[in-house]
Amino acid sequence: MSPRPAPVFPDWPQFDDTERRALDRALTQGQWWRMGGKEVETFEREFADHHGARHALAVTNGTHALELALQAMGAGPGTEVIVPGFTFISSSQAAQRIGAVAVPVDVDPDTYNIDVAAAAAAITPRTRVIMPVHMAGLMADMDALDKVAADAGVQVLQDAAHAHGARWQGKRVGELGSVAAFSFQNGKLMTAGEGGAVLFPDEEMYEQAFLRHSCGRPRTDRRYHHQVAGTNMRMNEFSAAVLRAQLTRLDAQIEIREQRWRHLSGLLARIPGVRPQGDDPRADRNPHYMAMFRLPGWSEERRNVLVDRLVDVGIPAFAAFRAIYRTAAFWETGAPAEPVDAVAERCPHVEAISQDCVWLHHRTLLASEQALTDTAAIVAEAVAAA
(Lines give C-alpha, C1' and ligand atoms only; values in the text may rest on other atoms or scores of the structure.)
Protein backbone atom coordinates (compact mmCIF):
# COMPACT_ATOMS: atom_id res chain seq x y z
CA MET A 1 0.00 0.00 0.00
CA SER A 2 1.20 3.51 -0.77
CA PRO A 3 1.61 5.80 2.23
CA ARG A 4 -1.47 7.89 2.83
CA PRO A 5 -2.27 9.95 5.93
CA ALA A 6 -4.88 8.35 8.15
CA PRO A 7 -8.20 10.21 8.22
CA VAL A 8 -9.13 11.97 11.44
CA PHE A 9 -12.06 10.34 13.21
CA PRO A 10 -13.86 11.61 16.32
CA ASP A 11 -13.18 9.84 19.60
CA TRP A 12 -15.75 7.53 21.13
CA PRO A 13 -17.44 7.75 23.58
CA GLN A 14 -18.29 11.41 23.18
CA PHE A 15 -19.01 13.54 26.22
CA ASP A 16 -18.95 17.10 27.47
CA ASP A 17 -20.17 19.13 30.42
CA THR A 18 -23.63 17.61 30.00
CA GLU A 19 -22.29 14.30 31.34
CA ARG A 20 -20.24 16.06 34.02
CA ARG A 21 -23.29 17.91 35.31
CA ALA A 22 -25.34 14.73 35.19
CA LEU A 23 -22.79 12.83 37.27
CA ASP A 24 -22.65 15.64 39.79
CA ARG A 25 -26.45 15.66 39.95
CA ALA A 26 -26.48 11.92 40.69
CA LEU A 27 -23.68 12.29 43.23
CA THR A 28 -25.24 15.09 45.22
CA GLN A 29 -28.78 13.69 45.35
CA GLY A 30 -27.52 11.45 48.17
CA GLN A 31 -28.94 8.15 46.84
CA TRP A 32 -26.88 6.19 44.36
CA TRP A 33 -29.16 3.25 43.55
CA ARG A 34 -32.46 3.16 41.73
CA MET A 35 -34.65 2.40 44.76
CA GLY A 36 -33.80 5.74 46.37
CA GLY A 37 -32.66 7.98 43.54
CA LYS A 38 -34.39 9.61 40.58
CA GLU A 39 -31.96 9.20 37.67
CA VAL A 40 -32.88 5.64 36.65
CA GLU A 41 -36.62 6.24 36.77
CA THR A 42 -36.27 9.49 34.84
CA PHE A 43 -34.04 7.86 32.22
CA GLU A 44 -36.54 5.04 31.78
CA ARG A 45 -39.34 7.53 31.07
CA GLU A 46 -37.18 9.53 28.67
CA PHE A 47 -35.94 6.44 26.81
CA ALA A 48 -39.44 4.98 26.55
CA ASP A 49 -40.83 8.28 25.26
CA HIS A 50 -38.00 8.58 22.72
CA HIS A 51 -38.80 5.14 21.30
CA GLY A 52 -42.59 5.30 21.52
CA ALA A 53 -42.89 2.61 24.19
CA ARG A 54 -45.25 2.37 27.14
CA HIS A 55 -42.62 1.03 29.55
CA ALA A 56 -38.82 0.88 29.74
CA LEU A 57 -36.77 -1.00 32.33
CA ALA A 58 -33.10 -0.10 32.70
CA VAL A 59 -30.73 -2.95 33.57
CA THR A 60 -27.05 -3.68 34.07
CA ASN A 61 -26.11 -4.58 30.48
CA GLY A 62 -27.48 -5.59 27.10
CA THR A 63 -27.06 -9.33 27.65
CA HIS A 64 -29.09 -9.09 30.84
CA ALA A 65 -31.70 -7.10 28.92
CA LEU A 66 -32.14 -10.04 26.54
CA GLU A 67 -32.20 -12.60 29.36
CA LEU A 68 -34.78 -10.64 31.30
CA ALA A 69 -36.94 -10.06 28.24
CA LEU A 70 -36.89 -13.75 27.36
CA GLN A 71 -37.87 -14.73 30.89
CA ALA A 72 -40.73 -12.26 30.86
CA MET A 73 -41.89 -13.80 27.58
CA GLY A 74 -41.93 -17.31 29.03
CA ALA A 75 -38.75 -18.71 27.51
CA GLY A 76 -36.77 -21.16 29.60
CA PRO A 77 -36.24 -24.92 30.01
CA GLY A 78 -38.17 -26.93 27.44
CA THR A 79 -38.52 -24.01 25.01
CA GLU A 80 -36.66 -22.86 21.91
CA VAL A 81 -35.60 -19.40 20.77
CA ILE A 82 -34.90 -18.81 17.08
CA VAL A 83 -31.89 -16.54 16.50
CA PRO A 84 -29.90 -15.46 13.45
CA GLY A 85 -26.67 -17.40 13.06
CA PHE A 86 -24.88 -14.14 12.27
CA THR A 87 -24.93 -11.96 15.38
CA PHE A 88 -22.91 -11.22 18.49
CA ILE A 89 -23.12 -14.30 20.67
CA SER A 90 -25.10 -12.60 23.45
CA SER A 91 -28.20 -13.08 21.28
CA SER A 92 -27.94 -16.85 21.63
CA GLN A 93 -26.31 -16.99 25.05
CA ALA A 94 -29.13 -15.00 26.62
CA ALA A 95 -31.51 -17.82 25.69
CA GLN A 96 -29.07 -20.55 26.63
CA ARG A 97 -28.29 -19.04 30.05
CA ILE A 98 -31.95 -19.27 31.09
CA GLY A 99 -32.24 -22.90 29.99
CA ALA A 100 -33.76 -22.50 26.53
CA VAL A 101 -32.35 -23.97 23.33
CA ALA A 102 -31.01 -21.43 20.82
CA VAL A 103 -31.85 -22.41 17.23
CA PRO A 104 -29.68 -20.61 14.64
CA VAL A 105 -31.13 -19.79 11.22
CA ASP A 106 -29.80 -18.17 8.08
CA VAL A 107 -29.74 -14.47 7.24
CA ASP A 108 -30.27 -12.39 4.14
CA PRO A 109 -27.00 -12.03 2.18
CA ASP A 110 -27.61 -8.34 1.44
CA THR A 111 -29.03 -6.90 4.68
CA TYR A 112 -27.46 -9.49 7.06
CA ASN A 113 -30.77 -9.63 8.93
CA ILE A 114 -32.66 -12.80 9.84
CA ASP A 115 -34.14 -14.70 6.90
CA VAL A 116 -37.88 -14.73 7.56
CA ALA A 117 -38.53 -17.92 5.61
CA ALA A 118 -35.72 -19.69 7.48
CA ALA A 119 -37.17 -18.52 10.80
CA ALA A 120 -40.62 -19.78 9.83
CA ALA A 121 -39.21 -23.16 8.80
CA ALA A 122 -37.46 -23.53 12.17
CA ILE A 123 -40.61 -23.16 14.28
CA THR A 124 -41.57 -26.22 16.31
CA PRO A 125 -44.11 -26.80 19.09
CA ARG A 126 -41.34 -25.82 21.52
CA THR A 127 -40.64 -22.44 19.93
CA ARG A 128 -41.48 -19.58 22.26
CA VAL A 129 -39.66 -16.59 20.71
CA ILE A 130 -38.19 -15.42 17.40
CA MET A 131 -35.35 -12.97 18.02
CA PRO A 132 -34.48 -10.78 15.02
CA VAL A 133 -31.31 -8.70 15.38
CA HIS A 134 -31.43 -5.28 13.70
CA MET A 135 -27.96 -5.67 12.25
CA ALA A 136 -25.89 -2.48 12.35
CA GLY A 137 -29.10 -0.52 12.96
CA LEU A 138 -30.95 -1.74 9.83
CA MET A 139 -34.28 -3.06 11.05
CA ALA A 140 -35.29 -6.59 10.12
CA ASP A 141 -38.50 -7.23 8.16
CA MET A 142 -40.86 -6.62 11.07
CA ASP A 143 -44.02 -6.91 8.96
CA ALA A 144 -43.18 -10.42 7.80
CA LEU A 145 -41.82 -11.51 11.18
CA ASP A 146 -44.92 -10.32 13.00
CA LYS A 147 -47.11 -12.30 10.59
CA VAL A 148 -45.02 -15.46 10.97
CA ALA A 149 -45.11 -15.11 14.75
CA ALA A 150 -48.86 -14.45 14.88
CA ASP A 151 -49.64 -17.40 12.59
CA ALA A 152 -47.49 -19.73 14.72
CA GLY A 153 -48.58 -18.37 18.10
CA VAL A 154 -45.07 -17.32 19.13
CA GLN A 155 -43.60 -13.99 20.20
CA VAL A 156 -41.03 -11.60 18.71
CA LEU A 157 -38.19 -10.12 20.73
CA GLN A 158 -36.30 -7.38 18.92
CA ASP A 159 -32.59 -7.46 19.67
CA ALA A 160 -32.16 -3.71 19.20
CA ALA A 161 -28.64 -3.47 20.61
CA HIS A 162 -27.62 -1.69 17.37
CA ALA A 163 -30.87 0.16 16.76
CA HIS A 164 -31.26 3.10 19.14
CA GLY A 165 -33.54 5.58 17.41
CA ALA A 166 -34.30 3.31 14.44
CA ARG A 167 -37.65 3.30 12.61
CA TRP A 168 -39.63 0.82 10.53
CA GLN A 169 -42.12 2.40 8.13
CA GLY A 170 -42.31 5.49 10.30
CA LYS A 171 -42.74 3.53 13.53
CA ARG A 172 -40.19 3.67 16.30
CA VAL A 173 -38.92 0.45 17.89
CA GLY A 174 -41.30 0.75 20.83
CA GLU A 175 -44.32 1.35 18.59
CA LEU A 176 -44.14 -2.04 16.88
CA GLY A 177 -46.00 -3.92 19.62
CA SER A 178 -43.20 -6.30 20.57
CA VAL A 179 -40.60 -6.41 23.34
CA ALA A 180 -37.23 -4.85 22.45
CA ALA A 181 -33.84 -5.03 24.19
CA PHE A 182 -31.03 -2.46 23.96
CA SER A 183 -27.38 -2.29 24.99
CA PHE A 184 -25.39 0.68 26.27
CA GLN A 185 -21.99 -1.03 26.18
CA ASN A 186 -19.00 1.23 25.53
CA GLY A 187 -19.12 0.99 21.74
CA LYS A 188 -22.87 1.40 21.35
CA LEU A 189 -24.65 4.42 19.87
CA MET A 190 -25.23 5.78 23.37
CA THR A 191 -23.26 4.46 26.29
CA ALA A 192 -22.46 4.53 29.97
CA GLY A 193 -19.67 1.97 29.58
CA GLU A 194 -22.21 -0.77 30.26
CA GLY A 195 -25.97 -0.91 30.65
CA GLY A 196 -29.11 -2.09 28.94
CA ALA A 197 -32.84 -1.50 28.69
CA VAL A 198 -35.96 -3.42 27.76
CA LEU A 199 -39.05 -1.86 26.20
CA PHE A 200 -42.34 -3.53 27.10
CA PRO A 201 -45.68 -3.01 25.35
CA ASP A 202 -47.81 -3.93 28.37
CA GLU A 203 -47.71 -3.28 32.10
CA GLU A 204 -48.08 -6.86 33.31
CA MET A 205 -44.95 -8.05 31.53
CA TYR A 206 -43.09 -4.94 32.69
CA GLU A 207 -44.03 -5.54 36.33
CA GLN A 208 -42.94 -9.18 36.17
CA ALA A 209 -39.62 -8.10 34.68
CA PHE A 210 -39.18 -5.48 37.38
CA LEU A 211 -39.54 -8.14 40.06
CA ARG A 212 -37.05 -10.46 38.38
CA HIS A 213 -34.48 -7.70 37.85
CA SER A 214 -34.63 -6.75 41.56
CA CYS A 215 -34.16 -10.14 43.24
CA GLY A 216 -37.88 -10.88 43.01
CA ARG A 217 -38.70 -8.17 45.53
CA PRO A 218 -41.52 -5.62 45.14
CA ARG A 219 -40.64 -1.92 45.26
CA THR A 220 -42.32 -1.24 48.62
CA ASP A 221 -41.39 -4.48 50.38
CA ARG A 222 -39.99 -4.09 53.92
CA ARG A 223 -40.17 -7.74 55.03
CA TYR A 224 -38.14 -9.52 52.34
CA HIS A 225 -41.13 -11.06 50.57
CA HIS A 226 -39.36 -12.17 47.39
CA GLN A 227 -42.20 -13.16 45.06
CA VAL A 228 -40.34 -14.75 42.14
CA ALA A 229 -36.90 -16.15 41.43
CA GLY A 230 -34.78 -13.25 40.27
CA THR A 231 -31.36 -11.65 40.38
CA ASN A 232 -29.85 -8.19 40.68
CA MET A 233 -29.90 -6.46 37.30
CA ARG A 234 -30.59 -2.96 38.65
CA MET A 235 -28.90 -0.06 36.90
CA ASN A 236 -27.14 2.41 39.18
CA GLU A 237 -27.88 6.13 39.31
CA PHE A 238 -24.55 7.23 37.79
CA SER A 239 -25.01 5.14 34.64
CA ALA A 240 -28.54 6.44 34.21
CA ALA A 241 -27.40 10.03 34.62
CA VAL A 242 -24.79 9.59 31.87
CA LEU A 243 -27.33 7.90 29.60
CA ARG A 244 -29.75 10.77 30.00
CA ALA A 245 -27.02 13.04 28.67
CA GLN A 246 -26.16 10.62 25.86
CA LEU A 247 -29.81 10.47 24.77
CA THR A 248 -29.88 14.22 24.19
CA ARG A 249 -27.35 14.00 21.34
CA LEU A 250 -28.52 10.71 19.78
CA ASP A 251 -30.78 12.23 17.11
CA ALA A 252 -28.18 14.68 15.83
CA GLN A 253 -25.58 11.92 15.59
CA ILE A 254 -27.98 9.65 13.70
CA GLU A 255 -28.65 12.39 11.17
CA ILE A 256 -24.92 12.79 10.53
CA ARG A 257 -24.32 9.04 10.25
CA GLU A 258 -27.17 8.59 7.78
CA GLN A 259 -25.72 11.33 5.55
CA ARG A 260 -22.18 10.02 5.83
CA TRP A 261 -23.19 6.41 5.12
CA ARG A 262 -24.80 7.46 1.85
CA HIS A 263 -21.49 9.05 0.88
CA LEU A 264 -19.25 6.20 2.07
CA SER A 265 -21.38 3.33 0.77
CA GLY A 266 -21.48 4.92 -2.68
CA LEU A 267 -17.68 5.10 -2.72
CA LEU A 268 -17.27 1.55 -1.41
CA ALA A 269 -19.64 0.20 -4.03
CA ARG A 270 -17.29 1.49 -6.76
CA ILE A 271 -14.39 -0.61 -5.47
CA PRO A 272 -14.13 -3.85 -7.47
CA GLY A 273 -15.15 -6.81 -5.30
CA VAL A 274 -16.61 -4.72 -2.45
CA ARG A 275 -20.32 -4.90 -1.61
CA PRO A 276 -21.65 -2.54 1.10
CA GLN A 277 -24.47 -3.70 3.38
CA GLY A 278 -27.76 -3.38 1.56
CA ASP A 279 -30.78 -1.33 2.49
CA ASP A 280 -34.52 -1.76 2.96
CA PRO A 281 -36.54 1.37 2.16
CA ARG A 282 -39.10 0.37 4.79
CA ALA A 283 -36.38 0.84 7.41
CA ASP A 284 -36.69 4.59 7.04
CA ARG A 285 -34.33 5.54 9.85
CA ASN A 286 -31.08 3.67 10.30
CA PRO A 287 -28.71 4.83 13.07
CA HIS A 288 -25.79 2.90 11.48
CA TYR A 289 -24.12 1.23 14.43
CA MET A 290 -21.55 -0.20 12.03
CA ALA A 291 -20.43 0.61 8.49
CA MET A 292 -20.40 -2.89 7.01
CA PHE A 293 -19.28 -4.30 3.69
CA ARG A 294 -18.61 -7.70 2.19
CA LEU A 295 -15.88 -9.11 -0.05
CA PRO A 296 -17.77 -12.02 -1.66
CA GLY A 297 -15.64 -15.04 -2.33
CA TRP A 298 -12.87 -14.07 0.06
CA SER A 299 -11.59 -16.52 2.65
CA GLU A 300 -11.59 -15.67 6.34
CA GLU A 301 -7.79 -15.53 6.31
CA ARG A 302 -7.65 -13.06 3.42
CA ARG A 303 -10.35 -10.91 5.04
CA ASN A 304 -8.38 -10.87 8.30
CA VAL A 305 -5.25 -9.69 6.47
CA LEU A 306 -7.27 -6.82 5.04
CA VAL A 307 -8.58 -5.85 8.48
CA ASP A 308 -5.08 -5.87 9.92
CA ARG A 309 -3.82 -3.62 7.12
CA LEU A 310 -6.66 -1.16 7.67
CA VAL A 311 -6.00 -1.05 11.40
CA ASP A 312 -2.29 -0.51 10.77
CA VAL A 313 -3.04 2.66 8.79
CA GLY A 314 -5.49 4.07 11.34
CA ILE A 315 -8.89 2.81 10.16
CA PRO A 316 -11.03 1.40 13.03
CA ALA A 317 -11.83 -1.82 11.15
CA PHE A 318 -13.00 -5.16 12.53
CA ALA A 319 -13.68 -8.66 11.29
CA ALA A 320 -17.40 -9.45 11.30
CA PHE A 321 -18.98 -11.70 13.90
CA ARG A 322 -18.12 -15.38 13.76
CA ALA A 323 -21.13 -17.61 13.15
CA ILE A 324 -22.45 -18.31 16.64
CA TYR A 325 -22.48 -22.06 16.05
CA ARG A 326 -18.80 -21.92 15.03
CA THR A 327 -17.80 -21.08 18.64
CA ALA A 328 -17.14 -23.54 21.47
CA ALA A 329 -19.32 -21.44 23.77
CA PHE A 330 -22.45 -22.09 21.73
CA TRP A 331 -22.27 -25.85 22.31
CA GLU A 332 -21.71 -25.74 26.06
CA THR A 333 -25.41 -25.60 26.94
CA GLY A 334 -28.76 -25.05 25.25
CA ALA A 335 -27.57 -26.09 21.79
CA PRO A 336 -29.77 -27.90 19.25
CA ALA A 337 -29.46 -31.68 19.04
CA GLU A 338 -27.66 -31.70 15.70
CA PRO A 339 -24.03 -31.53 14.61
CA VAL A 340 -22.41 -28.25 13.68
CA ASP A 341 -22.18 -29.26 10.02
CA ALA A 342 -25.94 -29.69 9.86
CA VAL A 343 -26.49 -26.21 11.26
CA ALA A 344 -23.93 -24.77 8.83
CA GLU A 345 -25.60 -26.50 5.89
CA ARG A 346 -28.86 -24.63 6.48
CA CYS A 347 -27.04 -21.32 7.07
CA PRO A 348 -25.03 -20.81 3.86
CA HIS A 349 -25.25 -17.02 3.96
CA VAL A 350 -24.12 -16.93 7.60
CA GLU A 351 -21.14 -19.07 6.61
CA ALA A 352 -20.16 -16.68 3.82
CA ILE A 353 -20.75 -13.39 5.67
CA SER A 354 -18.80 -14.56 8.69
CA GLN A 355 -15.79 -15.11 6.44
CA ASP A 356 -15.92 -12.15 4.05
CA CYS A 357 -17.48 -9.25 5.98
CA VAL A 358 -15.72 -6.22 7.49
CA TRP A 359 -17.15 -3.47 9.65
CA LEU A 360 -15.95 -0.01 10.57
CA HIS A 361 -16.74 1.60 13.93
CA HIS A 362 -19.64 4.05 13.75
CA ARG A 363 -17.39 6.93 14.82
CA THR A 364 -16.06 6.87 11.26
CA LEU A 365 -19.51 8.05 10.16
CA LEU A 366 -19.26 11.07 12.43
CA ALA A 367 -16.19 12.28 10.53
CA SER A 368 -16.13 14.68 7.60
CA GLU A 369 -17.02 13.67 4.05
CA GLN A 370 -13.39 14.20 3.10
CA ALA A 371 -12.30 11.79 5.82
CA LEU A 372 -14.67 9.19 4.39
CA THR A 373 -13.47 9.84 0.86
CA ASP A 374 -9.94 9.16 2.13
CA THR A 375 -11.18 6.07 3.99
CA ALA A 376 -12.67 4.62 0.83
CA ALA A 377 -9.42 5.24 -1.02
CA ILE A 378 -7.48 3.43 1.70
CA VAL A 379 -9.92 0.53 1.59
CA ALA A 380 -9.50 0.33 -2.19
CA GLU A 381 -5.72 0.19 -1.86
CA ALA A 382 -5.91 -2.43 0.89
CA VAL A 383 -8.32 -4.59 -1.10
CA ALA A 384 -6.04 -4.48 -4.12
CA ALA A 385 -3.05 -5.46 -1.98
CA ALA A 386 -4.67 -8.22 0.09
Side-chain angles (χ1 to χ4, degrees), residues 33-76 79 81 90-91 94-95 97-98 100 128-132 134 142 145-146 149-150 153-161 163-166 168 171-184 190 192 194-221 225-237 239-240 243-244 247:
W33 73 313
R34 73 160 297 150
M35 305 310 291
K38 298 297 183 184
E39 295 294 329
V40 175
E41 288 187 356
T42 304
F43 170 65
E44 288 170 337
R45 289 195 301 271
E46 292 170 348
F47 193 75
D49 289 346
H50 195 89
H51 289 85
R54 293 182 61 188
H55 304 281
L57 184 61
V59 296
T60 40
N61 57 61
T63 305
H64 284 165
L66 291 170
E67 288 184 22
L68 186 64
L70 288 168
Q71 281 194 301
M73 300 169 80
T79 69
V81 177
S90 282
S91 302
R97 291 275 295 175
I98 63 170
R128 185 59 56 91
V129 175
I130 301 173
M131 185 195 297
H134 302 319
M142 294 303 297
L145 288 164
D146 285 343
V154 303
Q155 300 172 82
V156 173
L157 168 58
Q158 301 177 65
D159 183 338
H164 312 68
W168 175 259
K171 291 184 177 181
R172 294 168 289 176
V173 173
E175 294 177 305
L176 294 172
S178 50
V179 180
F182 292 81
S183 171
F184 307 123
M190 48 181 289
E194 287 286 3
V198 188
L199 302 182
F200 291 103
D202 67 79
E203 187 168 2
E204 182 180 357
M205 193 179 293
Y206 162 77
E207 290 294 345
Q208 280 297 309
F210 186 96
L211 285 174
R212 293 195 184 279
H213 107 296
S214 190
C215 302
R217 190 179 186 189
R219 293 175 180 81
T220 57
D221 175 55
H225 293 296
H226 301 268
Q227 296 182 356
V228 298
T231 188
N232 181 2
M233 297 182 180
R234 294 185 298 263
M235 178 178 284
N236 68 78
E237 290 285 283
S239 293
L243 288 168
R244 291 182 64 195
L247 184 60

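Computed over heavy atoms, backbone and side chain alike; hydrogens, waters and symmetry mates excluded.
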Checklist outcome for this item: In short, L70 meets A94 closest at the heavy-atom pair CD1-C, 3.9 Å
Next on the checklist: Counting neighbours of CZ on R217 that are heavy atoms of other residues, nucleotides or ligands and sit closer than 6.0 Å, is the number greater than 12?
Outcome noted: yes
Item to check | Nearest-0.5 Å distance, CD of residue E41 to CD of residue E237 | outcome: 8.0 Å
Checklist entry - Below 4.5 Å, heavy atoms only, C-beta onward: do L211 and P218 meet side chain to side chain? => result yes
Checklist outcome for this item: Nearest heavy-atom approach of S178 to V156 is CB-O, 3.4 Å
Item to check | Donor-acceptor under 3.5 Å (Q208 side chain, A72 main chain) | outcome: no
Next on the checklist: Please evaluate residues C215 and R234 with respect to the criterion side chain to side chain contact (heavy atoms under 4.5 Å, CB included), reporting the C-alpha separation (whole Å), side-chain torsions for both, the decisive distance (0.1 Å), and the verdict.
Outcome noted: CA-CA 9 Å; C215 302; R234 294 185 298 263; 4.3 Å; yes
Next on the checklist: Ring-plane angle category for F47 and F182, please: parallel below 30°, perpendicular beyond 60°, tilted otherwise.
Outcome noted: perpendicular
Item to check | Euclidean distance, Q227 CD relative to S214 OG, rounded to 0.5 Å | outcome: 11.0 Å
Item to check | Taking every non-hydrogen atom, the tightest pair across V59 and A197 | outcome: CG2-N, 4.0 Å
Next on the checklist: To check you understand the geometry: which heavy-atom pair defines the closest contact between N236 and V40, and what is its length?
Outcome noted: O-CG2, 3.6 Å
Item to check | Test log, rule side chain to side chain contact (heavy atoms under 4.5 Å, CB included), inputs F184 and M190 | outcome: CA-CA 6 Å; F184 307 123; M190 48 181 289; 4.0 Å; yes
Checklist entry - Does any N or O in the side chain of E46 come within less than 3.5 Å of the main-chain N or O of L247, such that one atom is a donor and the other an acceptor? => result no
Next on the checklist: I'd like to know if the side chain of T42 reaches the main chain of K38, judged simply by a donor and an acceptor atom lying under 3.5 Å from each other, with no hydrogens or angles considered.
Outcome noted: yes
Item to check | Test item: T79 side-chain N/O and G76 main-chain N/O as donor-acceptor pair under 3.5 Å | outcome: yes
Next on the checklist: Nearest 0.5 Å, please: how far is CD in E39 from CE in M235?
Outcome noted: 11.5 Å
Checklist entry - What pair of heavy atoms forms the shortest contact from R128 to G74, and how long is it? => result NH1-O, 2.8 Å
Checklist entry - Does Q158 use its side chain to pair, donor to acceptor, with the backbone of P132 at less than 3.5 Å? => result no
Item to check | Separation of E207 CD from L57 CG (nearest 0.5 Å) | outcome: 9.5 Å
Checklist entry - In this structure, which one of M233, H213, E194 forms a side-chain contact (heavy atoms from CB on, under 4.5 Å) with T60? => result M233
Checklist entry - Is a donor on one side and an acceptor on the other found under 3.5 Å between the side chain of R212 and the backbone of T231? => result no
Item to check | Nearest non-hydrogen partners of F43 and A58, listed with the distance | outcome: CD2-CB, 4.3 Å
Checklist entry - Just by modelled atom types, is the G165 backbone N or O under 3.5 Å from a matching donor or acceptor in the H51 side chain? => result yes
Checklist entry - Rounded to the nearest 0.5 Å, how far does CG of L157 lie from CG of L145? => result 11.5 Å
Checklist entry - Are any of the side-chain nitrogens in R34 or E44 under 4.0 Å away from the carboxylate oxygens of its partner? => result yes
Checklist outcome for this item: Value for OG (S183) from NE2 (H164), rounded to nearest 0.5 Å, stands at 6.0 Å
